[in-house]
Protein chains: 2
Amino acid sequence: MRSAGADQDLTAAARIRDAAIRRFATQGFTASVRQIAADAEVSPGLVIHHFGTKDRLREVCDAHVSDQIRVAKTEVLTAADPGMFLSALAAVTDYAPLAGYVVRSLVAGGDLAARFIEHMVDDVRTYLQEAEAAGTVRPSRDPEARARYLALQGLGLLLMQINLSGGVEKATDLAAVLTAVTAWTTLPALEIFTEGLLTDNTLLSGYLAHVGGNTPARTPSSDQEEQR
Amino acid sequence: MRSAGADQDLTAAARIRDAAIRRFATQGFTASVRQIAADAEVSPGLVIHHFGTKDRLREVCDAHVSDQIRVAKTEVLTAADPGMFLSALAAVTDYAPLAGYVVRSLVAGGDLAARFIEHMVDDVRTYLQEAEAAGTVRPSRDPEARARYLALQGLGLLLMQINLSGGVEKATDLAAVLTAVTAWTTLPALEIFTEGLLTDNTLLSGYLAHVGGNTPARTPSSDQEEQR
DNA sequence: CAACACACTAAACGCGTGTTTAGTGCCGCG
DNA sequence: CGCGGCACTAAACACGCGTTTAGTGTGTTG
């Protein structure tokens, strides 16, 4: 397998990049160049020599994490549940820094975060489409909005819980938090998803009547394509 | 009304505190003492003279925001929807910095954030209880978990959307983002809340069977107290 | 009136930051 | 062998940070 306490057999630039990803994941993007250099057993100057700037180092890290995620994703067989994916990612201790890095990116709100979320929404949408075709999921009046809603909601819940339990801190804890939150979350989620929350549809029909002729809202949707 | 371009008639310490809240809300807690001092038209030394330390200044801000929120809350008539409350808070331009400050706290994850969330969960729980008694909301097998799930989910969705649309940045934008997210969110939310997401209960009943004799999970709950 | 207390400022201190500069040793190529 | 290029380091630079220090004016109090 790749990297198992591997330190020496990597080029210095790669060691710096990996150390940076680890530091960024555990301490956030305020981690200093000197700390990263120390982790990579290298002088601070070399970091700049190879990457030019701390910001450019971060860009390289973003790109690398993005690649790693794409690889891991195909390995994990495209899990569509937003939580499940991060959880599976964090489970393999090798990939734990990746999950931490993504979490940091999400709260920091950079380019990587936007891309990650968009992919997540895409995954959820296709998953819902397939499940709907299979007859296990109800059709929606606005499938795009529903996919986005479910993805953002799940990721948001996760993030919320993560940096409430004392920040991202140690990477190993991340997996624990992820499984814990899915543990107490599944019951209410399943309840609402199968039985709903409200007893009647006065609110929904009221809302539908209210927006009747108007544009529903954002997100390119297809109004109602099937009535069934 | 309180404060309307009021600058001079406040004590210097109060001006510093207000400036700090504004800066923290728009730039996060890395805003410098010198910036805050400049905003309050005061020397950096005076900030420390009055508050001793930047951290203690932040504690004072936390406390003040906490108070302001409690006041605003009773004014707004205890809105239980997590989003609605923040939205109403941000709508009054006077309170906009408060909402920004809370958002910053939530992503930074301090004490204030934990307290705010706990209050939010409480509000949602009592709201659900009342609605359940009124017959508009279905009973849950674990009301505590459901309240926490709904609160964290709503807040998380909100946060996610806020710092994806370019950070908290300008306070006036915050209200816009809040109304925008509620706009495209209400349809999928109402759909799921009234009709559910799944077509049958195999997943739910399967899960219930699976955890059958075991402890459900976290959060002190009362197992199933009513079967109905 | 003298004396103390207090709000306040200007300037500096010490530190950590990202980055630059000058220099050293090694490695491959002509 | 000689020499250019490259990875790399040690030291320093410039800067912004939170905080400290010394000092000034002002209002209150004995």
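All values below were derived from every heavy atom in this structure, side-chain atoms included, with hydrogens, water molecules and symmetry-related copies excluded. Each chain gets a letter, A, B and so on, in the order its sequence line appears, and its residues count up from 1.
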Cationic N near anionic O, under 4.0 Å, Arg22(B) to Asp18(B): no
Rounded distance (nearest 0.5 Å) linking atom CD1 of Ile16(B) with atom OG of Ser43(B): 8.0 Å
Atom pair distance, as rounded to whole Å: CZ in Arg23(A) and P in dT17(C): 11 Å
Closest to the Val33(B) side chain, choosing from dT19(D), dT19(C), dA7(C): dT19(D)
Separation of dT17(C) C1' from Asp55(A) CG (nearest whole Å): 13 Å
Under 4.0 angstrom between His50(B) side-chain N/O and dC8(C) OP1 or OP2: yes
Length of the CD1-P vector between Ile16(B) and dT9(C), whole Å: 8 Å
Short side-chain N/O contact from His49(A) to OP1 or OP2 of dA7(D), under 4.0 Å: yes
Distance in angstrom units between Lys54(A) NZ and dC15(D) C1', rounded: 15 Å
Spacing between Arg15(A) atom CZ and dA7(D) atom P, to the nearest angstrom: 13 Å
Nucleotide dT9(C), atom P - distance to CG of Leu46(B) in whole Å: 5 Å
Base of dG18(C) paired with side chain of Arg34(A) (donor-acceptor, under 3.5 Å): yes
Touch class at under 4.0 angstrom, heavy-atom based, for Ser32(A) against every strand present: sugar-phosphate
Least distance between heavy atoms, Ile117(B) atom then Met160(A) atom: CD1-CE, 3.9 Å
Electrostatic pair Arg146(B):Asp142(B) at N-O distance under 4.0 angstrom: no
Nucleotide dA10(C), atom P - distance to CD of Glu41(B) in whole Å: 13 Å
First encountered from the 5' end of DNA chain C, between Ile48(A) and Gln35(A): Gln35(A)
Parallel, tilted or perpendicular: rings of Phe29(A) and Tyr101(A) (30°, 60°): perpendicular
Thr53(A) side-chain N/O to dT19(C) phosphate OP1/OP2 under 4.0 Å: yes
Nucleotide dC17(D), atom C1' - distance to CZ of Arg58(B) in whole Å: 18 Å
